[in-house]
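Below is one structure; the comments refer to it alone.
Note that the structure is predicted; figures quoted are calculated from it, not measured.
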Amino acid sequence: MPIGTARLGEMLVKANLITEEQLRKALAQQETSGGRLGANLVKLGFISEDDITSFLSKQYGVPSINLSHFDIDSAVIKLIPSEIAQKHMVVPISRTGNVLTVAMADPSNIFAIDDIKFMTGFKVEPVVAAETSVKNAINKYYDSAGLVLDIMKSFDDKDVSQVADREEDINMAELQQATEEAPVVKLVNLIMSDAIKKGASDIHIEPYEKAFRVRYRIDGILYEVMSPPMKLKAAITSRVKIMAQLDIAERRLPQDGRIKIKMGQKEMDFRVSTLPTIFGEKVVLRLLDKSSLQLDMTKLGFEAKALADFEQAILAPYGMVLVTGPTGSGKTTTLYSALYRINTPETNIMTAEDPVEYNLPGINQVQMKPEIGLNFASALRSFLRQDPDIIMVGEVRDYETAEIAIKAALTGHLVIYTIHTNDAPSTVSRLLNMGVEPFLVAASTNLILAQRLLRKVCQNCKEEVQVPPQVLVNLGFSPEEAKSLRLYHGKGCMACSETGYRGRLALYEVMVIRENIKDLILQGASTSELRELARKNGMKTLRDAGLQKIRDGVTTIEEVLRVTSGS
């Protein structure tokens with residue numbers, strides 16, 4: 001029989017791989033969030049997947065393998081259907097004569113083995129592999145490509161021909177009917193579920209003159225994943241709009257909406273934005289996964305001193321903390337982590353956001369609605385009549401909002417907000433350009449934080465790489481360090497979809513507004529003068545933070561050059 005939850009736990013405790021207390025915590029988490037016991041033990045950091053795999057291999061006398069080292073033939077993959085692979089967490093890896101070797105997360109699952117025997121007619125030889133690598137292999141080999149082809153075959157030309165003509169000629173009733181056709185529904189559901197599996201942050205559905213494509217943004221980089229037929233353009237776009245409760249008849253103006261779906265134990269939000277282009281409407285869906293929101297500041301990528309400075313600033317009773325960076329640089333995660341850190345029953349925290357991306361318990365979050373006059377400035381005025389202790393503003397875009405935020409900071413409130421600049425020192429110039437007086441900036445600001453996101457080297461295929469010392473010297477390392485520094489890159493594997501990168505972490509530039517910095521602001525100093533003094537005070541620039549990540553072996557030179565400038 002498959003290893004029962006309790007039995008696996010008892011076996012691991014008996015082998016001294018985990019403690020009774022750790023087992024109890026993992027079982028409690030399993031009841032709350034679901035999933036297998038092994039996966040919950042790994043998630044809590046009590047044991048590694050390699051340890052579980054090695055243990056099961058010895059326990060059941062079957063070999064263990066690393067699936068990332070295998071390139072499985074498509075003919076072998078076709079022997080086991082996708083639904084069976086997902087149901088039993090198995091992947092066929094090779095066939096010799098009448099023997100089919102399958103990788104399993106649970107090699108004791110005789111039900112799965114019998115099922116596969118009956119279906120294929122082959123003798124089944126199990127090998128054990130880590131649960132995550134089995135999931136990754138299923139996602140890779142049973143990918144969307146085959147499913148898309150199957151869905152396309154189910155389309156009847158006469159069913160969709162009416163949406164292939166010029167958009168102005170489309171009959172709304174016919175279009176509504178086309179969006180309810182099973183193949184269109186399946187294809188849109190597939191696009192969304194596949195994006196979740198691949199860990200995408202955004203889905204781009206893009207119409208062009210002679211092409212229609214779907215792209216995913218994964219770890220900050222866009223990848224094309226499919227090109228549905230042009231004749232489905234209007235039907236797919238309208239299907240997404242219907243799910244987001246948008247007006248499918250309005251194709252001349254941008255629209256914004258939201259889709260909520262549940263996948264197993266996961267609740268996913270998709271923020272939907274449509275934009276009219278010359279060849280149709282482009283649709284972008286931003287994936288908001290509440291379960292993946294990282295609220296522990298120690299795990300975001302802060303250096304020790306930068307984290308200490310940031311925590312000191314957000315724990316201050318009043319003043320301003322500014323977070324800056326381009327769109328998609330992780331500012332929301334940093335802001336929410338800060339609010340999570342300072343959220344106590346004794347504080348009244350109010351946020352003005354556009355949009356509210358995640359709901360945080362114990363915090364009063366307000367969604368901006370400019371169309372009815374509820375903007376950042378009017379929300380801030382209302383907040384000050386609500387007896388707040390801490391105010392968070394999603395973005396300061398104009399003088400009016402900046403002025404109210406500064407006055408709030410000067411009258412005993414802690415104000416945290418974001419602003420779009422390239423680095424921390426240039427934020428001062430941005431505020432002055434908005435019309436804010438230098439003495440107000442100097443008096444109210446506690447700290448300015450700039451950030452970027454960079455990709456991490458995939459730990460599955462990480463290997464050492466040689467780089468000429470002069471390249472490292474040009475990057476900013478000392479000649480002595482350049483000679484001894486060990487560098488790594490990912491060679492590409494199944495786990496990282498052959499990119500060499502998997503996951504992201506943040507780079508931080510934390511500028512504390514000390515008295516000498518305030519004096520420079522009052523004197524109208526330039527950005528370069530402010531940066532120079534901040535560095536003398538101990539500030540690490542984004543490039544400095546990037547070099548440290550290279551030293552730590554977690555990223556590559558190419559990534560640091562991609563997201564930081566040389567200053």
Backbone N or O of [Y] within a donor-acceptor pair of the [X] side chain at under 3.5 Å?
| X | Y | value |
| --- | --- | --- |
| K540 | Q548 | no |
| T324 | T421 | yes |
| K331 | G325 | yes |
| S193 | L190 | yes |
| T401 | R397 | no |
| T445 | L447 | no |
| E209 | I278 | no |
| D256 | S273 | no |
| Q459 | V457 | yes |
| N364 | I349 | yes |

If you count every heavy atom of other residues, nucleotides or ligands that lies below 6.0 Å from [X] atom [atom1], does the total exceed 12?
| X | atom1 | result |
| --- | --- | --- |
| K518 | NZ | yes |
| Y488 | OH | yes |
| Q312 | CD | no |
| F477 | CZ | yes |
| E532 | CD | no |

In the structure I gave you, are the side-chain heavy atoms of [X] and [Y] within less than 4.5 Å of one another anywhere?
| X | Y | result |
| --- | --- | --- |
| L384 | H413 | yes |
| L475 | V471 | no |
| M434 | V396 | yes |
| I191 | I203 | yes |
| M297 | T333 | no |
| Q451 | L300 | no |

Can you see which heavy atom on [X] is nearest to which on [Y], and at what distance?
| X | Y | result |
| --- | --- | --- |
| V415 | A409 | CG2-N, 3.8 Å |
| Y216 | A195 | OH-N, 3.6 Å |
| Y336 | E357 | OH-N, 3.5 Å |
| Q255 | E250 | NE2-O, 3.1 Å |
| F383 | A352 | CE2-N, 3.7 Å |
| E509 | L542 | OE1-N, 2.9 Å |

> Does the side-chain hydrogen bond (donor to acceptor under 3.5 Å, both in side chains) test come out yes or no for T499 and Y223, once each step is laid out?
Replying inline: CA-CA 11 Å; T499 63; Y223 299 95; 4.6 Å; no

Check this for me, if you would: do [X] and [Y] make a salt bridge, where the nitrogen-to-carboxylate-oxygen distance has to be below 4.0 angstrom?
| X | Y | result |
| --- | --- | --- |
| E303 | K305 | no |
| R455 | E559 | yes |
| E558 | R562 | no |

So how far is it from [X] [atom1] to [Y] [atom2], rounded to the nearest 0.5 Å?
| X | Y | atom1 | atom2 | result |
| --- | --- | --- | --- | --- |
| E395 | F376 | CD | CZ | 6.0 Å |
| E311 | T298 | CD | OG1 | 8.5 Å |
| D202 | L287 | CG | CG | 7.5 Å |

>> Among I391, I390, D389, which residue satisfies the side-chain contact (heavy atoms from CB on, under 4.5 Å) criterion with N348?
In response: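 Among I391, I390, D389, the one meeting side-chain contact (heavy atoms from CB on, under 4.5 Å) with N348 is D389.
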
> side-chain hydrogen bond (donor to acceptor under 3.5 Å, both in side chains) between D519 and Q523: does it pass, once the steps are laid out?
Replying inline: CA-CA 6 Å; D519 292 340; Q523 294 165 24; 5.7 Å; no

> Which word best sums up how the rings of F310 and F302 line up, parallel for under 30°, tilted for 30 to 60°, or perpendicular for over 60°?
Replying inline: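 Correct class here is parallel.
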
> Does a donor on one side chain sit under 3.5 Å from an acceptor on the other, for T564 and R543?
Replying inline: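 Judged by distance alone, the side chains do pair up.
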
>> Does T351 form a side-chain contact (heavy atoms from CB on, under 4.5 Å) with V356? I'd like the steps, not just the answer.
In response: CA-CA 9 Å; T351 75; V356 175; 5.6 Å; no

